[in-house]
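Positions are given from 1 along the sequence. Because only heavy atoms are used, hydrogens play no part in the values below, and waters and symmetry mates are left out as well, while side chains stay in. Whatever order the structure lists them in is the order used to number ligands and atoms, beginning at 1.
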Amino acid sequence: MEAQALLQAVPQEKGDYWNQYYASREVMKLSAPSQFAAFVAQEAGDAHLIIEVGCGNGRDSLFFARHGFQVVAIDGSSSAIAKCEESRNAQSLSDISFICSTVGSAGFGDALRQARAHSEGPALAYARFFLHAITESEELAFFEGMSAALHEGDRLAVEYRTVRDAAGEKVTAAHYRRFVEPSQVIANAASFGFSVEYEVEGFGFAKYLKDDAYVARTVFRKVAA
Ligand SMILES: C[S@@+](CC[C@H](N)C(=O)[O-])C[C@H]1O[C@@H](n2cnc3c(N)ncnc32)[C@H](O)[C@@H]1O
């Protein structure tokens with residue numbers, strides 16, 4: 001498929017892409033986390049529960065679990081979730097569970113509530129390289145679901161490719177990417193009761209080989225229902 005067509009792909013085509021992508025990947029025995037996961041682990045404060053959305057092969061969720069967090073990770077790709085479960089078993093981790101659910105589907109809100117119910121204490125929700133992998137209407141469903149499931153005071157940490165990354169070199173093959181305007185993400189989140197606690201943008205936060213993505217990192221706090 002041509003890059004331009006992929007940029008306009010509908011959610012079903014996106015889903016097929018990710019299912020095929022993860023089906024062809026190895027189960028992970030041990031792997032380095034993303035730079036963002038290392039940052040979030042040390043900023044997690046009193047949050048013991050981490051809820052990841054768009055966990056992919058689970059490398060960050062598995063890292064959080066290895067470092068003592070209770071983890072529930074969600075992804076819309078059934079092959080990604082199958083690989084995550086195999087990796088959890090290979091790494092003999094117990095306090096981590098996976099849910100296959102698609103943001104924008106009817107069941108997503110329930111999946112998030114089910115995840116949040118794992119702890120009565122503070123929680124931190126986490127989504128890396130996810131907002132640019134979904135459509136804007138899915139982004140609104142994401143914030144709506146988060147707003148309904150998270151408790152006041154919980155935090156939500158996101159990292160995503162911004163509009164300034166559109167022209168940058170990419171390592172992975174062309175697929176649906178929506179280069180995102182950070183001010184729009186902040187406005188969308190605010191409309192669902194999230195305020196910005198920390199925000200930074202730039203190169204160097206998510207470098208992978210030739211791909212030094214220009215990303216935004218934002219940590220939101222849920223302030224209102
Ligand atoms: C770019 S990958 C990021 C994976 C991982 N967070 C990382 O940083 O390596 C995007 C992930 O989002 C998932 N995804 C895409 N659209 C989704 C949706 N609407 N609901 C749930 N997951 C979705 C894909 O299956 C894929 O695992």
Side-chain angles (χ1 to χ4, degrees), residues 6-28 31-41 50-65 71-85 87 96 98-112 114-115 124-146 149 156-162 165 168 170-180 205-209 211-213 215-218:
L6 281 159
L7 287 172
Q8 296 165 354
V10 295
Q12 181 55 43
E13 290 165 324
K14 274 195 303 121
D16 292 345
Y17 169 84
W18 289 114
N19 259 333
Q20 285 160 20
Y21 180 85
Y22 290 114
S24 66
R25 291 296 183 281
E26 297 290 313
V27 169
M28 280 190 312
S31 72
S34 68
Q35 294 168 244
F36 188 49
F39 164 77
V40 166
I50 293 188
I51 300 167
E52 177 168 16
V53 176
C55 64
N57 67 4
R59 70 172 178 161
D60 287 347
S61 280
L62 294 159
F63 160 78
F64 291 133
V71 180
V72 182
I74 299 172
D75 199 283
S77 161
S78 55
S79 66
I81 292 297
K83 285 278 154 65
C84 287
E85 288 175 338
S87 298
I96 174 167
F98 297 96
I99 302 174
C100 187
S101 180
T102 301
V103 176
S105 72
F108 179 66
D110 283 346
L112 271 185
Q114 185 187 326
L124 189 148
Y126 175 89
R128 177 188 180 268
F129 273 40
F130 181 66
L131 293 184
H132 67 249
I134 57 176
T135 64
E136 187 166 8
S137 64
E138 287 172 328
E139 180 187 317
L140 294 173
F142 170 79
F143 284 124
E144 183 179 23
M146 285 290 177
L156 167 60
V158 295
E159 181 182 74
Y160 55 91
R161 293 182 187 271
T162 73
D165 185 56
K170 310 287 181 293
V171 169
T172 43
H175 59 276
Y176 179 89
R177 288 190 186 105
R178 179 178 64 99
F179 298 97
V180 183
F205 292 109
K207 185 180 174 303
Y208 176 59
L209 306 176
D211 185 340
D212 188 3
V215 298
R217 284 180 173 182
T218 312

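Residue contacts with ligand 1: S101 is included, with a non-hydrogen atom under 4.0 Å away. At least one heavy atom of Y22 sits closer than 4.0 Å to an atom of ligand 1.
Close N/O approach between W18 and ligand 1 is not found [any backbone or side-chain N/O within under 3.5 Å]. At least one N or O atom of V103 sits closer than 3.5 Å to an N or O atom of ligand 1. Ligand 1 has no nitrogen or oxygen under 3.5 angstrom from a nitrogen or oxygen of I134. Considering backbone and side-chain atoms together, G54 places an N or O closer than 3.5 Å to an N or O of ligand 1.
If you check which protein heavy atom lies closest to atom 21 (C) of ligand 1, you get G76 N, 3.2 Å. D75 OD2, 3.8 Å is the protein heavy atom nearest to atom 11 (C) of ligand 1.
Interface of F129 with ligand 1, defined as ligand atoms under 4.0 Å from a residue heavy atom, comprises 1 (C), 2 (S), 3 (C), 8 (O), 10 (C). Here is the list of ligand 1 atoms found below 4.0 Å of a heavy atom in S77: 25 (O). Near K14, the atoms of ligand 1 lying under 4.0 angstrom from a non-hydrogen atom of the residue are 16 (N). Close contacts of ligand 1 with T102, meaning ligand atoms under 4.0 Å from a residue heavy atom, involve 18 (C), 19 (N), 20 (N), 21 (C).
Within the 4.0 Å heavy-atom criterion, the part of F130 lying near ligand 1 is the side chain and not the backbone.
The aromatic rings of Y21 and W18 stand perpendicular to each other, their planes meeting at an angle above 60°, with 30° marking the opposite boundary. The aromatic rings of F130 and F142 lie tilted to each other, with the angle between the two planes from 30° to 60°.
When the heavy-atom distances from atom 8 (O) of ligand 1 to K83, E52, R128 are ranked, the shortest goes to R128.
Separation of the F129 and F36 ring centroids does not fall under the 6.0 Å cut-off. Remark: aromatic rings of F39 and F205 are distant, center separation not under 6.0 Å.
Contact annotation: the side chain of E13 never approaches that of Y176 to less than 4.5 Å [non-hydrogen atoms, C-beta and beyond]. Side chains of H175 and K170 form no contact here, defined as non-hydrogen atoms less than 4.5 Å apart. Counting heavy atoms from C-beta outward, F108 and D110 have side chains that stay 4.5 Å or more apart.
Put simply, the side chain of Q35 gets close to the backbone of K207: a donor and an acceptor are under 3.5 Å apart. Of the possible donor and acceptor atoms, none in the side chain of R161 sits under 3.5 Å from a partner among the backbone N and O of R178.
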